[in-house]
Structures are given as structure tokens and as C-alpha cells.
Amino acid sequence: MSSSAVRVRFAPSPTGYLHIGGARTALFNWLLARQCGGQFILRIEDTDQTREVADSLPKILQDLRWLGLNWDEGPEIGGPYGPYFQSERLEIYRSCAERLLDQGWAYFTFDTPEELAVMRDQARSEKRTFRYPRPAQFPTRADAEQARAAGRPVVVRFRMPDHAITVHDSILGDVVVQAEDLEDFVIVKSDGFPTYHFACVIDDELMKISHILRAQEHLNNTPKHVGLQEALQFSTPVYAHLPLIFNINGTKMSKRDKEKALAKGEKPPEIDVHDFRMAGYLPEVILNFVALLGWSPGQDREKLSLDDMVQLFSLERIGKTNARFDRDKLLAFNTTGLATVSSTRRLDAFRDFLAVNQHPMQQAGDAQLQAILRACEGLRTFSDVLTKAGFIYLPDEAITYDSKAIEKVLRRNDGAGFAILRKLDAALQQHADWETASLDQLLKSLAEQWSIKFGDLAQPIRVAVSGTTVSPSISETLELLGHERTGRRIQQALRLQTGT
RNA sequence: GGCCCCAUCGUCUAGAGGCCUAGGACACCGGCUUUUCACGCCGGCAACGCGGGUUCGAAUCCCGCUGGGGUCACCA
């Protein structure tokens, strides 16, 4: 096979945002395509109208774009093998089903969900594994019409081949499933839509997909797909089932984790790509981190650019063991990522962060934002900028004073902090050159003059202007805030002493 | 429970029979730095699940056990 024949796809169903695990699947497919000069196709698996979420598609596209995973064929750009929405390919699936029906590879059944449930329950109570009982005689089309007329659900089931099926997986090796463990499964639902298995196999063939990289939870589905390919005389793509990603405690990473945390009054964990975007992570860092979950370039290499990954990626180096998503390590990656990106890139990413969060700091000009970013050196995520310097963009009256900070820094020792603050107020009012270096010089000399530690002078101001003990370095903080607002906030803090 | 997959530090992993007294990263623990919070720097702790083989030699190959995971829908 020539390398230009590599065609891979990412096939999400439009039920929400892009999950972080889905992002890794998309990335691996994308990397393979880019490395081989092949095509990365985006296909939308919208065959279940009941589960569909209205604005999910634009969200997924937006998440993919934010990550930088561009597609060569798919929604919004089309391509030679479209349409790329399964809901627009119904006619194709229908004709394939007809073909299978004609050739005896599929048959109609008329069971209601309730009847099926009874059969399954019975099998369970008898400790038998349930497999759909294939009828000796397949119902005719006329039978199907009659059943439909009588109001019974009509579905089409695939007659699985009666031999064992071997899946050749390039990560796991050969996986053999015996004939008796295979079941006749539904390929056309009673609403006329194809099931996932059916649509997926047909589209992969027609779209000339060469490699299928997907999560390992699909491994058990693969014999079904291979059976279908055999009956339809399709070719079988190269399969590569990726190890799964779990929470650090081994549970599934699910959107429900967010609800649970919220219910407990905790901060919800990031699960979807969009969550990480909102939390202030860099997309390239997320990609780098997630690539290392199940894949490793070897040679103790970890920090990789997208280009590095395109170059180093290989199916052979994908592991078999499930991984746990270590948020601490991601945070560490993001910290170095933020410390090493170019300042223009950082500014762009920060603007994006402010925009998705609709933060008032958006109003600031580039120079001011750059100054804030510089002042927040050591930040782990862009959210840190908000906790550390967000007070700058709050109206004076919206500053909330942390009671512990007030007590410890200002009120303690008979209001020693307040006393220093009062002296500082006078000195600062007279200081005209409102710029970091100059302010720094002033404050240092005052500390020396008054024979106090720098911290004993810095902390009272910090609390006065920010309400907390956390802010950028004090002189930078003052420059960022400006002379006027600094004065107002000190006055405001001073009033706390008397309670007026 | 049936079927399937997997098994190296707490976590992500390197390791493709001798280079392993098992390497890196994160976390953790100590120390340094310090103007708060972070960052940074230095040092340390820490793993081949168990039992059998095969071999001169096994983390690496084989078998069993144990453990973990996935899947058993007219959802993808």
C-alpha cells in the first residue's frame, strides 16, 4: 500500500462537546494522516435522533479547530466522498440492507423491546448467555409488510457468519472470537435508520478508510464489522484499538463527574476539551499531554510540539495498557508550556481564554495584557492570572477583603499594619513616577528608613489594594493598578480600621 | 456471570534475553531562593503482582493463578 493511500477518520456523534478521550483519538488519527501525507476525514455519526443534542456539532467543530486538528474532508468543507453526515446517507444504507436481505445475509424480525427483554431475563435466570435465536426460516418481505401493518416493529438483523472471526489488530495482535460467541445483531432499526455498526462499516468502505484508530471499548464490536465486511465483500481496514483513559482513581472520565462535584460543592473537573479551554490550558499542551497517554516516542522524550509528534508518531509505539489521567502532570506541562511559548502566542491564547470566559479584562489593551502576563510569571493556567491579578479589573467597591488577611496583616499588633499603611499612603501620594522600577526603589528605601522588613511593608499594601495576600510583586501591582486607583483603595482599606 | 483485552515506581512511561545496582517525567519528602502566591534550582524516597517453567542468564519468552479493565442495546 502506498503511503498516500492512508485515509483515516474521526467519527463523533453529535451529543455534546468533544471529550478529552475523543480528542486523543482524533489526534492519533490526525497524526497518522499528517505523517503519511494522507487524509484526515471528519464524519458525523448522527443515526440516533433521540440522543442528538442541538448545538453539539458546532461545538465539536470548534473544539477540534481550537486544538488545531484540521480535517481534509467533512462538515463545512465537503469532499469527494460525501455526504459526511450519516443522516444524509440513508439511501446508501438502505440499498446495502436490501442487498444483504436478497442474499440471505440478513433477515427481518418483529420483536418488541419488551419481548426481547423477557428473553434476555429468562436467559439470565437460567444462567445462559443470551444470543438472538436465528429463525430456521427467514420472514419474507410480505411478512414484514404484514407485521408493519399490524403495528409491530420491523428491524433487520445481520446473519453472522458461522465461523470464528479473527481481528488483526496492529496494537493487540490477533484476537479470535469463536462462532458461538457471535450474535446476529440489528443493522436497521425500526425507524429505518442504520445502527452504528452498519453505517460505520459501509462508510469506511465507501470513504476508502485505510486505518481505524479508535478506543479499545470498540474491540468487541470489531468482529461484527469484519463479519459485515465479509458479507458485503468489502475490504478490511487496518485496526488499531487504543488503550482507554480513566480518572486518576480508575473510574471512567464522564460528564457526570462534573455534576457530582457540583452537587458536593466542589470545583467540577475538566472533562471535555472545552472545559480545559475555559480553565486556561494551552491547546498544544493538551495535545502533547494526551498523546503520552498510551503512546511514547521513547528516548525519555516528553515535551513535544505538534510537529515533533507528526514526525515521531507510530502505531508500533502505542501501548496496550489503560492510562489514568493525571491532572497534576498536565498542570506541570502547562506551566512549562506557558513559560516557554512566545509572548505573542501567549497573548493570543490569553485573549481566547478571556473571551470564552467573557472576563472584563478583555477590555485591556495588548500592552496592558502583556504586562499582566509578565507580572504573573510562574502561572500554571490562565485561570491563575485571574486569581492573582483579577482584582485589577474589579471596580474599587467590588473588592472583597479577606477577613483572615485583614486580621493577620493589618489589624494584628494593635493595628501595626494600618499604621504602616497610613505612612505609606502619604509617601505614595507624593510619588509621581508611577512605574515599577521607580516604585520598587521607593518602597525599598522606605523599608530601610523605617527599619522594617520589606514584607511588612508590602503585605499591607497588597491587602489594601487586592483584598487578599496574593498578587503579583507589589511594585508591579501598583503600576498595573495606576496611581489613582491605588490611592482610592488604600483609603478604602484604611476605613476598615475604624469601621466607617 | 459469558466473551475479550491488559499487567514495570502513587501516576504517565522507557525497557523488544545479558547494556538494569531498572532510566525519565509528574506527584511526594527534604533543602535553597523569596515581597505574598506561584515559579525556579539542588537532593531524596519509590516499581518489574504471585507461582511454575524455558535458558548459562528473564522485567523481557511460555503456562497457570491473582488482579484490573472492556463488552454483552433497535447508543455510538
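Chain A is the first sequence line, chain B the second, and so forth, proteins listed ahead of strands; every chain is numbered from 1.
Judged by atom type and distance alone, A:K329 reaches the base of B:rA25 through a side-chain donor-acceptor pair under 3.5 Å. Counting atom types as modelled, A:N221 pairs a side-chain N or O with a base atom of B:rA76 as donor and acceptor under 3.5 Å. Judged by distance alone with a 3.5 Å cut-off, a donor-acceptor contact links the side chain of A:K388 to the base of B:rC37. A:S190 contributes a side-chain N or O that forms a donor-acceptor pair with the base of B:rC74 under 3.5 Å. Donor-acceptor pairing under 3.5 Å, judged by distance alone, is absent between the side chain of A:Q216 and the base of B:rG70. Donor-acceptor pairing under 3.5 Å, judged by distance alone, is absent between the side chain of A:N322 and the base of B:rG69.
With a cut-off of 3.5 Å on both Watson-Crick or G-U wobble distances, the partner of B:rC19 is given as none. Pairing partner, B:rU35: none, since no Watson-Crick or wobble contact has both distances short of 3.5 Å. Shown here, B:rC29 forms a base pair with B:rG43; the pair counts as Watson-Crick or G-U wobble because both key distances fall under 3.5 Å. Pairing for B:rU60 is absent, with no Watson-Crick or G-U wobble pair whose two atom distances lie under 3.5 Å. If you check B:rG67 for Watson-Crick or wobble pairing at under 3.5 angstrom, you find it paired to B:rC6.
In this structure, A:P223 reaches neither bases nor backbone, as no heavy-atom distance under 4.0 Å exists between it and the strands shown. Within the nucleic acid shown, A:D440 comes within 4.0 Å of at least one base atom, counting heavy atoms only. Within 4.0 Å (heavy atoms only), A:P12 reaches no atom of the nucleic acid at all. Within the 4.0 angstrom heavy-atom criterion, only backbone atoms of the sugar-phosphate kind lie near A:R324; the bases stay farther away. Across all strands, A:F185 comes closer than 4.0 Å to no nucleic acid atom at all (heavy-atom distances).
Under a 4.0 Å N-O distance rule, the pair A:R159/A:D184 does not qualify as a salt bridge. A salt bridge does not link A:K252 to A:E217: none of the charged side-chain nitrogens sits closer than 4.0 Å to a carboxylate oxygen.
Of the N and O atoms on the side chains of A:H197 and A:H225, at least one donor lies less than 3.5 Å from an acceptor on the other residue. Side chain to side chain, A:S471 and A:R462 meet the donor-acceptor criterion of an N or O pair below 3.5 Å.
For the pair A:R301 and B:rG24, the criterion of a side-chain N or O lying under 4.0 Å from OP1 or OP2 is not met. Regarding contacts with the backbone of B:rC75, a side-chain N or O of A:K189 is found under 4.0 angstrom from either OP1 or OP2. Distances shown here put a side-chain N or O of A:T47 below 4.0 Å from the OP1 or OP2 atom of B:rA76. The phosphate of B:rC39 has OP1 or OP2 within less than 4.0 Å of a side-chain N or O from A:R380. Remark: A:R120 is in phosphate contact with B:rC74, judged by side-chain N or O atoms under 4.0 Å from OP1 or OP2.
Considering A:R9, A:H218, A:E205 as possible partners of A:C200, the one that fulfils the side-chain contact (heavy atoms from CB on, under 4.5 Å) test is A:R9.
Rounded to whole Å, the separation between the P atoms of B:rA73 and B:rA58 comes to 46 Å. For the C1' atoms, the distance from B:rG68 to B:rA25 is 24 Å, rounded to whole Å.
In this structure, A:R317 fails the cation-pi test against A:W295, since its NZ or CZ atom is not both closer than 6.0 Å to the six-membered ring centre and inside 45 degrees of the ring normal.
Distance A:Y196 OH to B:rC75 P: 13 Å, rounded to the nearest Å.
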